[in-house]
Number of protein chains: 2
Amino acid sequence: MGYNVKPLDRLIEQFERLPGIGKKSAQRLAFYVLNMPEENAKQFARDIVDAKTNIRRCSVCCNLTDGETCSVCSDPSRDHSTICVVESPKDVFALERTREINAVYHVLHGVISPMDGITPDDLTIKQLLARIGTGEVKELIMATNPDAEGEVTSMYISKLTKPLGIKVTRLAYGIPVGGDLEFADEVTLMRAIDGRSEI
Amino acid sequence: MGYNVKPLDRLIEQFERLPGIGKKSAQRLAFYVLNMPEENAKQFARDIVDAKTNIRRCSVCCNLTDGETCSVCSDPSRDHSTICVVESPKDVFALERTREINAVYHVLHGVISPMDGITPDDLTIKQLLARIGTGEVKELIMATNPDAEGEVTSMYISKLTKPLGIKVTRLAYGIPVGGDLEFADEVTLMRAIDGRSEI
């Protein structure tokens, strides 16, 4: 059931396919586009095609880039002997915001998840091993998400790479800064106790 | 602050400009587009341009159409002597769903709202008067929203058209079917009492 105006119905359908956009929102967005100046709507369309066409994976770390290698991998001031392994490009962004990481990254593009049929072969683990193969890498900082799949993926990569003489670390677990102790779950608290440090 | 990948940042910005889409949602949508098959992303872009380029206002009723006149206005089985006046194309859609209306429509594309600087000249009232001028029209059914602006707009049009010998009616006010009497506001209840009918 649509507005019986084909180009409008098609645009509503397109918006409806996006995640988290329901029928009502899709209508609202389509009408918004109709009311945009024509040049803006065309620019919007161009930006979709442009992003889809020009963004590829960095040939080194598999992060998203519009060049051959990403800005981190092509930065000589970075410590290329330490690789921070993350699940997705969003995680790179989050870590970069801290300005704490001088290492380079490796983006797995997922986690091992037998339930969803995702095996190690679906991730960029082969590329990671190839990087390690060059002999330049000394440490992997595992920064997968603190959930079951993230843990399993970290363990898997750790088991593969430790025999190669690589130091494998992972981000500390603990109570989030600014968080409230009474709302922390037991597992987090347990990990925070295990990981306590002298002050 | 973006991902430092220009085409991606631009696409995120585009989504952020849409109403009701925040920074996080915009990122989610942009990544979704990146993961679409290329042909789907291009089709999405084409549908945006297509909707923007091909949808115009019906030359008779000002509803949205991709032709010269909309499907309702070009339907000879409709009663062209009765015009249902609504605020927006969405209202036409809502009324058409009832299958109760055999009249044609007139879409005002807004309501008189001095607060927002919208005067009668910004609406399609001139076009409505032109339609009445042909002498074919006998009745206007005012179906603006039941709020202050909708009321004012209805009254304004009614005052303009009654002297021309046009019958002007408006949709009944009352308690919504399936609604709960105890949650109805006083004004609605008052209107429902005023408009009571024999059973």
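Each chain gets a letter, A, B and so on, in the order the sequences are listed, and its residues count up from 1.
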Against chain B, label A:Leu18 side chain, backbone, both or neither, depending on which of its atoms sit under 4.5 Å from a heavy atom there.
both
Do you know which of B:Gln14, B:Glu38, B:Arg10, B:Met36 has the most heavy-atom pairs under 4.5 Å to chain A?
B:Gln14
Of the listed A:Val33, A:Val92, A:Leu29, the one with the largest count of heavy-atom pairs under 4.5 Å with chain B is A:Leu29
Within residues 121-149 of chain A, contacts to chain B at heavy-atom distances under 4.5 Å involve none
Between A:Ser25 and A:Arg28, do the side chains contain a donor N or O and an acceptor N or O under 3.5 Å apart?
yes
Let me know if A:Asn63 has heavy atoms under 4.5 Å from chain B in its side chain, its backbone, both or neither.
neither
Looking only at heavy atoms, the pair that brings A:Pro89 and A:His109 closest together is CG-CE1, 4.0 Å
Residue-level interface, residues 41-54 of chain B with chain A, non-hydrogen cut-off under 4.5 Å
B:Ala41, B:Lys42, B:Gln43, B:Phe44, B:Ala45, B:Asp47, B:Ile48, B:Val49, B:Asp50, B:Ala51, B:Lys52, B:Thr53, B:Asn54
Rounded distance (nearest 0.5 Å) linking atom CZ of B:Arg56 with atom CG of B:Leu64:
11.0 Å
Can you name the closest pair of heavy atoms from A:Pro76 and A:His80 and give their distance?
CA-NE2, 4.5 Å
When rounded to the nearest 0.5 angstrom, what is the spacing between CD in B:Glu151 and CD1 in B:Ile112?
12.0 Å
Shortest non-hydrogen contact from A:Thr69 toward A:Ser59
CG2-OG, 3.4 Å
Should the pair B:Arg97 and B:Phe93 be classed as cation-pi, given the thresholds of under 6.0 Å to the six-membered ring centre and 45° from the axis?
yes
For the residue pair A:Ser154 and A:Arg170, what are the closest heavy atoms and their distance?
OG-NH1, 3.7 Å
Is there a side-chain contact between B:Leu95 and B:Cys84 (heavy atoms, below 4.5 Å)?
yes
Do other residues, nucleotides or ligands put more than 12 heavy atoms under 6.0 Å from B:Glu39 CD?
yes
Does any part of the side chain of B:Leu108, heavy atoms only, come nearer than 4.5 Å to the side chain of B:Val85, both counted from C-beta?
yes
Heaviest contributor of heavy-atom pairs below 4.5 Å to chain B, chosen from A:Glu13, A:Arg17, A:Lys90, is A:Lys90
Can a donor-acceptor pair be found, under 3.5 Å and without considering hydrogens, that links the side chain of B:Asp75 to the backbone of B:Ser71?
no
Residue part contacting chain A, namely of B:Ile55, when any heavy atom lies under 4.5 Å
side chain
